[in-house]
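Computed from a prediction, not measured in an experiment: that's the story for all the values here.
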Amino acid sequence: IRECTKGMPCDFTGIEYDMLKDGDGIQWPFKKGDELKSNQRRLYEDNKFFTPSGKAKFIYEEVAEENPKPSEDYPYYFNTGRGTVGQWHTQTRTNEIEFVTAIVPGEAYINIHPELAEEYGIKENDKVIVNSQNGESATFIAKLSRTVKKNHIYAPMHYIECNKITPSVYDPYSKEPSYKFIHVNIKKAI
């Protein structure tokens with residue numbers, strides 16, 4: 001693995017097993033030949049960045065307009081985020097940990113404001129179909145919660161259903177997928 005990092009921004013070819021075994025950890029990059037001055041090294045403390053000029057490059061632009069906007073057909077904000085401290089990413093690893101599976105619902109769920117749920121005849125643990133502006137839909141278990149606004153629906157990002165209905169929009173610089181929000185409509189599953 002060390003050799004695979006050679007010449008890369010994360011180069012840690014200078015880290016030896018004994019340095020890890022007897023130390024407090026080592027901040028990468030740590031190339032072969034680098035000298036460990038302290039265990040408090042930090043990335044970019046030398047003011048050298050991985051750009052042609054060696055200087056930091058700040059990218060900024062005007063705040064992007066919300067796109068798409070809510071509509072009569074899709075009036076609710078579907079927002080995503082971390083579910084619990086035990087859940088990470090798509091649960092490919094954390095779903096194998098008994099402690100996590102004991103406290104996390106096995107099925108995808110949404111948090112929905114009780115007043116909005118009442119308008120649709122939705123009760124706690126009912127199945128709800130969420131239809132998104134991108135033409136996808138998924139079924140979730142309803143969890144009534146006043147922690148979300150009435151026109152917002154929240155879902156943990158760790159379930160495939162969540163990422164299915166959010167758009168595949170990427171940041172033009174980092175290529176990080178959005179997977180954060182979209183406008184939706186809902187109906188109680190029958």
Side-chain angles (χ1 to χ4, degrees), residues 1 4 8-10 28 43 58-190:
I1 292 175
C4 291
M8 304 300 287
C10 62
W28 58 264
L43 190 59
F58 292 96
I59 300 172
Y60 62 93
E61 58 187 40
E62 294 298 318
V63 175
E65 186 176 313
E66 179 182 338
N67 192 12
K69 295 184 183 303
S71 67
E72 192 174 312
D73 291 333
Y74 300 96
Y76 308 115
Y77 285 84
F78 182 85
N79 189 19
T80 70
R82 187 160 315 284
T84 68
V85 296
Q87 290 175 298
W88 288 90
H89 310 298
T90 57
Q91 301 188 86
T92 52
R93 294 286 185 222
T94 55
N95 206 32
E96 298 174 8
I97 302 169
E98 189 176 323
F99 169 77
V100 174
T101 58
I103 62 169
V104 173
E107 293 182 68
Y109 65 94
I110 57 170
N111 287 351
I112 182 171
H113 194 279
E115 290 176 24
L116 181 59
E118 187 176 353
E119 288 178 20
Y120 287 88
I122 297 169
K123 295 185 178 12
E124 184 82 14
N125 295 319
D126 279 352
K127 292 194 176 198
V128 177
I129 299 170
V130 179
N131 301 294
S132 75
Q133 283 175 314
N134 69 356
E136 296 289 342
S137 63
T139 303
F140 296 83
I141 302 297
K143 300 293 180 187
L144 306 187
S145 174
R146 293 190 182 279
T147 62
V148 292
K149 293 180 179 181
K150 184 178 174 186
N151 65 337
H152 285 229
I153 295 167
Y154 169 83
M157 64 184 171
H158 316 292
Y159 301 93
I160 192 71
E161 292 85 350
C162 182
N163 289 336
K164 177 183 177 187
I165 65 173
T166 52
S168 294
V169 176
Y170 295 86
D171 177 79
Y173 305 108
S174 70
K175 307 302 182 216
E176 179 76 20
S178 173
Y179 290 146
K180 185 63 182 161
F181 91 97
I182 193 164
H183 299 287
V184 298
N185 63 44
I186 59 171
K187 67 180 179 182
K188 182 177 177 177
I190 297 174

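For the side chain to side chain contact (heavy atoms under 4.5 Å, CB included) criterion with T139, the lone passing option out of V128, I110, I129 is I129.
Formation of a donor-acceptor pair under 3.5 Å by the N163 side chain with backbone atoms of I160 is not found in this model. Side chain of Y173 to main chain of I59: no donor-acceptor pair is present (N/O by atom type, distance under 3.5 Å, no hydrogens or angles).
Interatomic distance, CG of N79 versus CZ of F181, reported as 8.5 Å (0.5 Å rounding). The distance from the OH atom of Y74 to the CG atom of N185 is 5.5 Å, given to the nearest 0.5 Å. Atom CD1 of I153 is separated from atom OH of Y76 by 7.5 Å, given to the nearest 0.5 angstrom. Rounding to the nearest 0.5 Å places CD of E161 at 11.5 Å from OG1 of T166. With rounding to the nearest 0.5 angstrom, the OG1 atom of T80 is 4.5 Å from the NZ atom of K180. Atom-to-atom distance recorded for I141:CD1 and E124:CD is 10.0 Å, nearest 0.5 angstrom.
The two residues N131 and S137 come nearest to each other via the heavy atoms OD1-CB, 3.0 Å. Here the shortest heavy-atom pairing between S145 and P114 reads O-CD, 3.5 Å. Counting all heavy atoms, side chain and backbone alike, C162 lies closest to F140 at N-CZ, 3.9 Å. G121 approaches D126 most closely through the heavy-atom pair O-OD2, 3.8 Å. Residues Y120 and I186 come closest through the heavy atom pair CE2-O, 3.3 Å. Minimum heavy-atom separation, W28 to C10: CE3-CA, 3.5 Å.
For H183 and F78, the distance between ring centers is not under 6.0 angstrom.
For the pair Y109 and Y159, the minimum side-chain heavy-atom distance is below 4.5 Å. Proximity of T147 to N111: side-chain heavy atoms (C-beta onward) are separated by under 4.5 Å at one or more points.
Contacts classified as salt bridge (Lys or Arg N to Asp or Glu O under 4.0 Å) and involving residues 107-117 (residues at least two apart or in different chains) are given here: E107-K127. Sorted by first and then second residue, the salt bridge (Lys or Arg N to Asp or Glu O under 4.0 Å) pairs involving residues 135-150 (not counting sequence neighbours) are E119-K150.
The local environment of NZ in K187 is sparse, with at most 12 non-hydrogen atoms from other residues, nucleotides or ligands closer than 6.0 Å.
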